[in-house]
Amino acid sequence: MSSEIGRDRLREFIDLVLHSLNEDLDAQSRASALGLSRFHLDRLVSAAMAESPGAFRRRLLLERAAWQLAEEGSSVTRAAFDAGYLSVEGFSRAFARAFGLTPSRYRRDGRTRRVHAANGVHFHPPGGIFIPESDQRRTRMDMVDRLLGHDVWLTSKLIDAASGLPDEDLDKRLFADWNPDSVVAADPTIRIMLGRVVWTRENWTAAMAGRTAPENGRASIDELRSRAEVGAREFTSLIRRVRDRDEWDSAFVDALCEPPETFTYGGAFAHYITFQAYRRLTIIKGFQQLGIDVGLGDPLEWERSLV
């Protein structure tokens, strides 16, 4: 789906179609909503999706009708009405051309819920759209890449937010009922909690790589930023090697524990991701206590920033 229309405008068009499936918007109204002329929208969308805007919408409505017939037990008349057809006969002809079965027969014998389309965009029940992986994505990622990338991004974001705070706020105790044995940090200050996040990554890297334990103490924000950058490169490289070799079930002895313990690489990574997420969310709450909005660190926000 590449053309001069651009990913943002194309996604706006797809979202507009999705949100107006039940509205009988004419072609000019759809174009106007996107700030384009009807001619320009038709030309650009057709080039990007190998399907005209009108044909795209009609296909989605037929795919939704197929789902309604097969999964919701909708009547043919209701499905025809919901798909925007003025008569059951007209709907039945269009449905049969698309699926090779009449609507009544499809309710009993139909299997596929999608009509072939070169762009790969389809109705996704109950009310969404499936969009295939785009060739325009800058990087291709599996789940490990996503977890690692979000971990690095959010940690860096929190350190950047802390860099604008005076020492008084960095070292202010933020939670009155804090448990000193918390997995977050011994003391509930922005500096100490961030230090624990950075040190935890360093510590697991050392354990997996068979190095001595790193020191963990009070540090400046500049020092934490530098350590976080180095630690991110090392930890990311190590975990990707484990993934590439499919060594998740292989184990290592963590001599940094007292007494030493044995962990699988997969278990250690899952543990790391789980508790780092908890620590960062606690830090976000700490920023909120200081009256600072740093967002929620949503992985979706990070992923969308890559496009």
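The closest side-chain heavy-atom distance from Lys285 to Leu174 is not below 4.5 Å. Inter-residue side-chain proximity for Asp142 and Arg243 is flagged as met; some heavy-atom pair is nearer than 4.5 Å. Residues Trp178 and Val184 meet the side-chain proximity criterion, which asks for heavy atoms closer than 4.5 Å. For the pair Ser92/Thr102, no side-chain contact is recorded, criterion being any heavy-atom separation below 4.5 Å from C-beta on. At least one side-chain heavy atom of Arg146 sits under 4.5 Å from a side-chain heavy atom of Glu303. Looking only at side-chain heavy atoms (C-beta outward), Leu170 and Ile221 come within less than 4.5 Å of each other. At least one side-chain heavy atom of Trp248 sits less than 4.5 Å from a side-chain heavy atom of Val144. Taking the side chain as every heavy atom from C-beta outward, Phe275 and Thr200 never approach each other to under 4.5 Å.
No donor-acceptor pair closer than 3.5 Å links the side chain of His116 to the backbone N or O of Ala98. Checked by atom type and distance alone, the side chain of Gln276 pairs as donor or acceptor with a backbone atom of Val197 at under 3.5 Å. Remark: side-chain polar atoms of Arg279 are paired, donor with acceptor, to backbone N or O of Val183 under 3.5 angstrom. Distance alone, capped at 3.5 Å, places no donor-acceptor pair between the Ser156 side chain and the Val152 backbone. No donor-acceptor distance shorter than 3.5 angstrom exists from the side chain of Lys172 to the backbone of Ile190, with no hydrogens or angles considered.
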Practice item. Evaluate the side-chain contact (heavy atoms from CB on, under 4.5 Å) criterion for residues Leu148 and Ile273: first the C-alpha distance (whole Å), next the side-chain angles of each, then the deciding distance (0.1 Å), finally the verdict. Key: CA-CA 8 Å; Leu148 288 169; Ile273 288 295; 5.6 Å; no

Exercise for review: Step by step, work out the side-chain contact (heavy atoms from CB on, under 4.5 Å) result for Leu154 and Lys157.
Suggested key: CA-CA 5 Å; Leu154 184 50; Lys157 182 178 180 179; 4.3 Å; yes

Review point. Could you go step by step and tell me if Arg59 and His122 meet the side-chain contact (heavy atoms from CB on, under 4.5 Å) rule?
Key: CA-CA 8 Å; Arg59 178 171 60 78; His122 295 280; 3.3 Å; yes

Practice item. For side-chain contact (heavy atoms from CB on, under 4.5 Å), just list the numbers for Trp67 and Leu62, CA-CA rounded to whole Å, side-chain angles, deciding distance to a tenth of an Å, and then say yes or no. Key: CA-CA 9 Å; Trp67 173 73; Leu62 286 173; over 6 Å; no

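Transitive grouping of hydrophobic side chains (ILVMFWY, heavy atoms separated by less than 4.5 Å) brings Phe287 and Trp153 into a common cluster. At a threshold of 4.5 Å between side-chain heavy atoms, the hydrophobic network of Ile, Leu, Val, Met, Phe, Trp and Tyr places Met143 and Ile239 in one connected group. Two different hydrophobic clusters hold Phe123 and Leu101 under the rule that ILVMFWY side chains link at heavy-atom gaps under 4.5 Å. Leu296 and Ile292 sit in two unconnected hydrophobic clusters of ILVMFWY residues. Membership requires side-chain heavy atoms under 4.5 Å apart, directly or through other members. Following chains of ILVMFWY side-chain contacts shorter than 4.5 Å, one can reach Phe95 starting from Val88, so the two form part of one hydrophobic cluster.
For the atom pair Arg78 CZ and Phe91 CZ, the distance stands at 12.0 Å (nearest 0.5 Å). Atoms CD and CD1, from Gln289 and Ile284 in turn, are 13.5 Å apart once rounded to the nearest 0.5 Å. To the nearest 0.5 Å, atom OH of residue Tyr278 and atom OG of residue Ser182 are 5.0 Å apart. We find the CD-CD1 distance between Gln288 and Ile283 to be 12.5 Å, quoted to the nearest 0.5 Å. Here the straight-line distance linking atom CD of Glu63 with atom CG of Leu61 works out to 9.5 Å at 0.5 Å rounding. Note that CG of Leu158 is 11.5 Å distant from CG of Leu224, once rounded to the nearest 0.5 Å.
Salt-bridge annotation for Arg64 and Asp82: absent, with no side-chain N of the basic residue lying under 4.0 Å from a carboxylate O of the acidic one. A salt bridge links Arg211 to Glu234: one of the charged nitrogens lies within less than 4.0 Å of a carboxylate oxygen. A salt bridge between Glu71 and Arg107 is absent, with no side-chain N of the basic residue lying under 4.0 Å from a carboxylate O of the acidic one. A salt bridge is defined here as a Lys NZ or Arg NE, NH1 or NH2 lying under 4.0 Å from an Asp or Glu carboxylate O, and Arg227 with Glu202 meets this definition. The pair Asp244-Arg240 does not count as a salt bridge, with every side-chain nitrogen at least 4.0 angstrom from each carboxylate oxygen.
Heavy-atom minimum distance, Gly286 versus Phe175: N-CZ, 3.9 Å. Contact between Leu238 and Met208 at its shortest, heavy atoms only, is CD2-SD, 3.3 Å. Of all heavy-atom pairs between Val294 and Ala161, the closest is CG1-CB, 3.7 Å. Taking each heavy atom of Phe263 and Ala268 in turn, the nearest pair found is CB-CB, 4.4 Å.
Residues forming a side-chain hydrogen bond (donor to acceptor under 3.5 Å, both in side chains) with Asp222 (at least two apart in sequence, or on another chain): Arg225. By the side-chain hydrogen bond (donor to acceptor under 3.5 Å, both in side chains) test, Arg191 pairs with Asp167, Asp171, sequence neighbours left out.
Environment of CG in Leu290: crowded, with over 12 heavy atoms of neighbouring residues, nucleotides or ligands closer than 6.0 Å. The number of heavy-atom neighbours closer than 6.0 Å to CG of Leu86, taken from other residues, nucleotides and ligands shown, is 12 or below.
By the 30° and 60° cut-offs, the orientation of the rings of Phe269 relative to Tyr272 is parallel. Aromatic ring pairs are classed by plane angle as parallel below 30°, tilted from 30° to 60° and perpendicular above 60°; the pair Trp204 and Phe252 is perpendicular.
Both tests pass for Arg114 against the ring of Phe130: distance under 6.0 Å to the centre and angle within 45° of the axis.
Under the 3.5 Å distance criterion, with hydrogens and angles disregarded, a donor-acceptor pair is assigned to the side chains of Glu51 and Asn119. No side-chain donor from either of Ser237 and Arg233 sits under 3.5 Å from a side-chain acceptor of the other.
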